[in-house]
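Worksheet: the structure to be examined is printed underneath.
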Amino acid sequence: MYAIPLGDDGAELRPLETWHAEEFLAHLDRGRDFITQHIPFGSKATDVESARALLQSYADKRAADSGFLHGLWLDGKLVGGLLFRVFDAATGVCEIGCWLEPAGTGRGLVTRGARVLIDWAFEERGMHRVEWHASSANTPSVNAARRLGMMREGVLRESFPYRGVRQDMEVWAVLAPEWREARARTAHSDH
């Protein structure tokens with residue numbers, strides 16, 4: 001298919017599709033405890049068949065234009081991903097999210113990949129609002145939203161029961177005009 005380089009360190013953003021099921025499962029197995037600390041993403045993908053089913057669910061969302069799944073590869077190895085969990089072109093609102101195994105952390109992969117996808121959502125698809133939802137306890141995810149220039153709009157207190165604990169969920173967002181203004185400032189400061 002295609003790959004979008006995310007810098008000169010061997011990082012790439014690529015579609016994550018059903019034919020990646022074995023590689024996706026191996027990735028989840030390497031990082032399962034880490035990935036599922038705050039979110040259940042991938043927790044039910046415990047064999048190739050269930051990994052393929054999860055990927056197929058996002059292939060179905062892509063076909064319906066209601067969600068998308070992309071992987072983050074580092075030196076040819078899948079180490080995480082980004083997804084549009086919700087994508088509503090009619091309202092112009094979507095929710096982007098991420099996950100990483102430990103080998104992918106601390107390299108800016110999520111921020112670099114999310115910038116590409118947010119640019120695409122605003123510029124190619126005409127979205128107006130991109131949201132990021134994160135458990136207040138998930139400091140790396142909250143920090144990623146902040147690095148992306150999103151504004152914390154609120155906290156849904158104890159709204160997400162997970163592993164026997166009601167998590168506070170933060171809602172972060174950036175609007176298309178804010179994103180474009182920030183990009184213009186960055187481009188201007190580069191000259």
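Count residues from 1 along the sequence.
Listed by first and then second residue, the salt bridge (Lys or Arg N to Asp or Glu O under 4.0 Å) pairs that reach into residues 69-93 are R85-E95, sequence neighbours excluded. Applying the salt bridge (Lys or Arg N to Asp or Glu O under 4.0 Å) definition to pairs two or more places apart or across chains, those involving residues 64-74 are D65-R125.
Within a 6.0 Å radius of CZ in R157, other residues, nucleotides and ligands contribute 12 heavy atoms or fewer. For E49, the CD atom sits in a loose shell: 12 or fewer heavy atoms of surrounding residues, nucleotides or ligands are nearer than 6.0 Å. Within a 6.0 Å sphere centred on CD of E22, other residues, nucleotides and ligands contribute 12 heavy atoms or fewer.
Listed by chain and residue number, E170 satisfy the salt bridge (charged side-chain N to carboxylate O under 4.0 Å, His left out) test with R152 (two or more places apart in sequence, or in another chain). For R32, the salt bridge (charged side-chain N to carboxylate O under 4.0 Å, His left out) partners two or more places apart in sequence, or in a different chain, are D29. For R115, there are no salt bridge (charged side-chain N to carboxylate O under 4.0 Å, His left out) partners two or more places apart in sequence or in a different chain.
At distances below 3.5 Å, not a single donor-acceptor pair connects side-chain atoms of W99 with backbone N or O atoms of L28. In this structure, S159 contributes its side chain and L156 its backbone to a donor-acceptor pair below 3.5 Å.
For the pair M127 and F87, the minimum side-chain heavy-atom distance is below 4.5 Å. With a 4.5 Å cut-off on side-chain heavy atoms, F41 and L54 count as touching. Side-chain contact between R183 and D119 is present, with at least one heavy-atom pair separated by less than 4.5 Å. Residues H133 and V86 form no side-chain contact, since every pair of their non-hydrogen atoms from C-beta on lies 4.5 Å or further apart. Residues W172 and L148 have side chains not in contact (no heavy-atom distance under 4.5 Å, counting atoms from C-beta outward). For the pair F68/P15, no side-chain contact is recorded, criterion being any heavy-atom separation below 4.5 Å from C-beta on.
The hydrophobic clustering, which links ILVMFWY residues whose side-chain heavy atoms are closer than 4.5 Å, places V165 and F34 apart.
Ring-plane geometry between F122 and W179 is classed as tilted, the angle between the planes lying from 30 to 60 degrees on a 0 to 90 degree scale.
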With side-chain contact (heavy atoms from CB on, under 4.5 Å) as the criterion, how do M150 and I96 come out once you've worked through the C-alpha distance, each side chain's angles and the decisive distance to 0.1 Å?
CA-CA 12 Å; M150 294 185 170; I96 193 168; 4.3 Å; yes
Check against side-chain contact (heavy atoms from CB on, under 4.5 Å), H128 and L175:
CA-CA 6 Å; H128 180 72; L175 304 179; 4.2 Å; yes
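Here the rule is side-chain contact (heavy atoms from CB on, under 4.5 Å) with W73, and of L16, V79, L6, L13 only L16 fits it.
Aromatic pair H70/W120: ring centres not closer than 6.0 Å.
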Donor-acceptor contacts under 3.5 Å from residues 101-110 side chains, at least two apart:
{"from": "E101", "atom 1": "OE1", "to": "H27", "atom 2": "ND1", "distance (Å)": "2.6"}
{"from": "E101", "atom 1": "OE1", "to": "R30", "atom 2": "NE", "distance (Å)": "3.2"}
{"from": "E101", "atom 1": "OE1", "to": "R30", "atom 2": "NH2", "distance (Å)": "2.9"}
{"from": "E101", "atom 1": "OE2", "to": "R30", "atom 2": "NE", "distance (Å)": "3.0"}
{"from": "T105", "atom 1": "OG1", "to": "P102", "atom 2": "O", "distance (Å)": "2.8"}
{"from": "R107", "atom 1": "NE", "to": "A103", "atom 2": "O", "distance (Å)": "3.3"}

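Looking only at atom types and distance, the side chain of S50 has a donor-acceptor partner in the side chain of D47 under 3.5 Å away.
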